[in-house]
Amino acid sequence: MTSDSDALVPETRVLAVASHVVYGYVGNTMATFVMQSLGCEVAALNTVHFSNHTGYRQFKGTRATAQEITDIYQGLCQSYLTDFDVMLSGYAPSAAAVEAVGAIGLDLQKRAEKKPGSFFWVLDPVMGDQGRLYVSDDVVPAYKKTIHHADLILPNQFEAELLSGIKITSLHTLAEAITAIHKIYSVPHVIITSVQLSKLTTSPTTPPPASLTIIGSTTRSDGTPRLFRVDVPALNCFFSGTGDMFAALTVARLREAVFAAGPDLRTTKSWVSPDSVQATDLPLAKATVKVLASMHSVLEKTLEARGAELTATAQEVSVSAASGENDEEKRKRDYLRHTKATEVRLVRNVKYLRSPVIEFKAQEWRE
């Protein structure tokens with residue numbers, strides 16, 4: 001039987017820089033709980049403060065300026081509160097904010113430069129998805145300047161295209177994009193967090209259309225990628241905050257895998273394994289398998305709860321119909337009801353964060 005202490009990752013202090021919502025789980029609201037549940041000490045620096053996530057199509061709140069982000073970090077510095085092992089950076093509301101977050105990462109790297117491996121920067125370049133930017137155009141070049149300094153980046157397929165300059169239309173171009181990101185930005189670790197391979201190829205080895213594929217890589221000493229993939233069943237629902245959950249779980253599980261690999265790796269710059277380590281044995285691959293196991297279980301439970309909530313609140317629809325609401329008001333109320341029902345059920349399913357049921361395997365991938 002596993003005790004609570006056995007489920008905790010090695011002691012880890014994290015500076016998490018991302019958005020915050022009052023209701024639901026996205027950004028730092030998601031990431032902080034996930035990492036704390038696994039035993040990490042988390043300091044949350046919030047780049048926005050919204051009532052709810054933007055998927056509701058309406059929200060209230062404020063965006064932090066670059067100066068406000070910088071001021072908060074300077075407040076930590078003046079009290080000597082900068083002993084972070086990891087920085088996780090996510091959504092920033094402007095190009096200037098991206099640059100301010102980048103300056104924080106660089107400062108923490110500088111403070112740790114005499115102790116290789118003592119600081120690791122995970123950067124989620126939040127720019128858009130499904131072929132569409134949801135940040136201003138000047139945010140893209142700001143990220144391109146910043147990610148040179150990160151140890152691990154977590155783009156989705158669209159963001160990988162923006163960063164590499166390569167349109168991903170096949171397995172070949174996917175491999176080219178990852179190789180280009182390693183080469184252009186000197187980033188030692190990359191995970192492309194969601195690729196639908198069924199749309200890229202008709203090869204017999206392609207997973208069925210109901211699957212998502214996560215592709216990861218850690219460079220060798222010559223800069224070439226060590227590629228692995230993990231295929232997971234796709235759930236027929238859109239959930240907000242899954243990228244933040246993936247990033248937060250990756251922080252904890254990668255730290256755990258690096259410690260398990262032995263003392264040499266944790267004192268190696270950027271935690272890059274020797275060339276002799278195969279793709280599926282990389283700490284990044286082992287971490288990804290655990291991350292996806294936790295996520296799949298939590299999201300399955302969320303889908304079950306969503307169905308129950310929609311059934312329980314179905315009466316609201318008939319009540320609003322009887323109240324004389326017009327069609328537009330009815331559609332809006334129903335949309336908000338469905339959006340609320342899809343909020344990730346995190347707290348009630350914390351056991352899946354701590355003790356994932358491993359169902360998936362990493363496979364070495366050669367394009």
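Given the structure is predicted, the values throughout are model-derived calculations rather than measurements.
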_Any non-hydrogen side-chain atom of K145 less than 4.5 Å from a side-chain atom of V98?_
no

*Would you mind reporting whether R345 and V298 have side-chain heavy atoms less than 4.5 Å apart?*
no

_Pairwise distance CD1(I214) to CZ(F360) - rounded to 0.5 angstrom_ = 9.0 Å

_Between D334 and R337, does any NZ, NE, NH1 or NH2 come within less than 4.0 Å of an OD or OE carboxylate oxygen?_
yes

*Does the side chain of F33 reach to within under 4.5 Å of the side chain of V350, using non-hydrogen atoms?*
yes

*Give the C-alpha distance, both sets of side-chain angles, the deciding distance and a yes or no for side-chain contact (heavy atoms from CB on, under 4.5 Å) between L88 and M35.*
CA-CA 11 Å; L88 172 59; M35 290 187 287; 3.9 Å; yes

*Side-chain donor/acceptor of E159 to backbone N/O of D129, under 3.5 Å*: no

*Quick check: does any side chain N or O of E161 sit under 3.5 Å from a backbone N or O of I168, one acting as donor and the other as acceptor?*
yes

*State, yes or no, whether a side-chain contact exists between W365 and L174 at a heavy-atom distance under 4.5 Å.*
yes

*Please name the pair of heavy atoms, one in A66 and one in A100, separated by the smallest distance, quoted to 0.1 Å.*
O-CB, 3.8 Å

*Check for a donor-acceptor pair, side chain of R220 on one end and backbone N or O of P225 on the other, with a separation under 3.5 Å.*
yes

*What are the two closest heavy atoms between T32 and A44, and how far apart are they?*
OG1-CB, 3.8 Å

*Begin from the C-alpha positions of S211 and D231 and carry the test side-chain hydrogen bond (donor to acceptor under 3.5 Å, both in side chains) through to its verdict.*
CA-CA 6 Å; S211 293; D231 300 325; over 6 Å; no

*Checking N28 side chain against A16 main chain: does a donor-acceptor pair fall under 3.5 Å?*
yes

*Going hydrophobic residue to hydrophobic residue with side-chain gaps under 4.5 angstrom, can you get from M295 over to V357?*
no

*Look at the side-chain heavy atoms of Ile, Leu, Val, Met, Phe, Trp and Tyr, link any pair under 4.5 Å apart, and say whether V272 and M87 land in one connected group.*
no

*For S118 against A112, the heavy-atom pair lying closest together*: OG-CB, 3.4 Å

_Closest non-hydrogen atom pair between E343 and G24, with its separation_ = OE1-CA, 3.4 Å

_Looking at E309 and K340, is any side-chain nitrogen of the basic one under 4.0 Å from a carboxylate oxygen of the acidic one?_
yes

*Near E359 CD, under 6.0 Å, is it more than 12 heavy atoms from other residues, nucleotides or ligands?*
yes

_Taking V48 as the starting point, is it possible to reach L133 by hopping between hydrophobic residues whose side chains are less than 4.5 Å apart?_
yes

*Answer with yes or no whether the hydrophobic clustering places Y335 together with V26; edges join I, L, V, M, F, W, Y residues whose side-chain heavy atoms lie under 4.5 Å apart.*
no

*asked:* Is the shortest side-chain heavy-atom distance between L152 and F120 below 4.5 Å?
replied: yes

*asked:* I'd like to know if the side chain of T267 reaches the main chain of D264, judged simply by a donor and an acceptor atom lying under 3.5 Å from each other, with no hydrogens or angles considered.
replied: yes

*Establish whether I72 and Y80 are linked, either directly or via other cluster members, by ILVMFWY side-chain heavy-atom contacts under 4.5 Å.*
no

*asked:* Tell me whether Q109 contacts the main-chain N or O of H149 through its side chain, where contact means a donor paired with an acceptor under 3.5 Å.
replied: yes

*Any side-chain donor-acceptor pair under 3.5 Å between T342 and R306?*
yes

*Can a donor-acceptor pair be found between the side chains of N156 and T193 at a distance below 3.5 Å?*
no

*Under 4.5 Å between any side-chain heavy atoms of V9 and F259, yes or no?*
no

_Flag, side chain of R226 to backbone of T219, donor-acceptor distance under 3.5 Å_ = yes

*Just by distance, with hydrogens left out, do D85 and T12 show a side-chain donor and acceptor under 3.5 Å apart?*
no

*Side chains of L227 and S217: does their closest heavy-atom pair fall under 4.5 Å?*
yes

*So, R354 side chain and S37 main chain: donor-acceptor pair closer than 3.5 Å or not?*
yes

*Can you tell if the side chain of T146 reaches within under 4.5 Å of the side chain of W121, non-hydrogen atoms only?*
yes

*Looking at the rings of H53 and Y56, which for Trp means the six-membered one, are their centres under 6.0 Å apart?*
yes

*Would you name the heavy atoms of A362 and V230 that are closest together and state the gap between them?*
CA-CG2, 3.9 Å

Ignoring hydrogens and angles, write down the donor-acceptor pairs under 3.5 Å from the side chains of residues 235-251, residues two or more places apart or on other chains.
unit_1: D244; atom_1: OD2; unit_2: G27; atom_2: N; d: 2.8
unit_1: T250; atom_1: OG1; unit_2: F246; atom_2: O; d: 2.7

*Report yes or no: does N52 contribute a side-chain atom to a donor-acceptor pair with the main-chain N or O of Q58 at less than 3.5 Å?*
yes

*Measure across I184 and S164 and return the closest heavy-atom pair with its distance rounded to 0.1 Å.*
CD1-O, 4.2 Å

*Between atom OG1 of T173 and atom NZ of K167, what is the distance when rounded to the nearest 0.5 Å?*
9.5 Å

*Would you mind checking if R253 and E256 are paired as a salt bridge, meaning a charged N to carboxylate O distance below 4.0 Å?*
yes

*asked:* Using only atom types and a distance under 3.5 Å, with no angle test, would you say the side chain of Y185 pairs donor to acceptor with the backbone of L163?
replied: yes

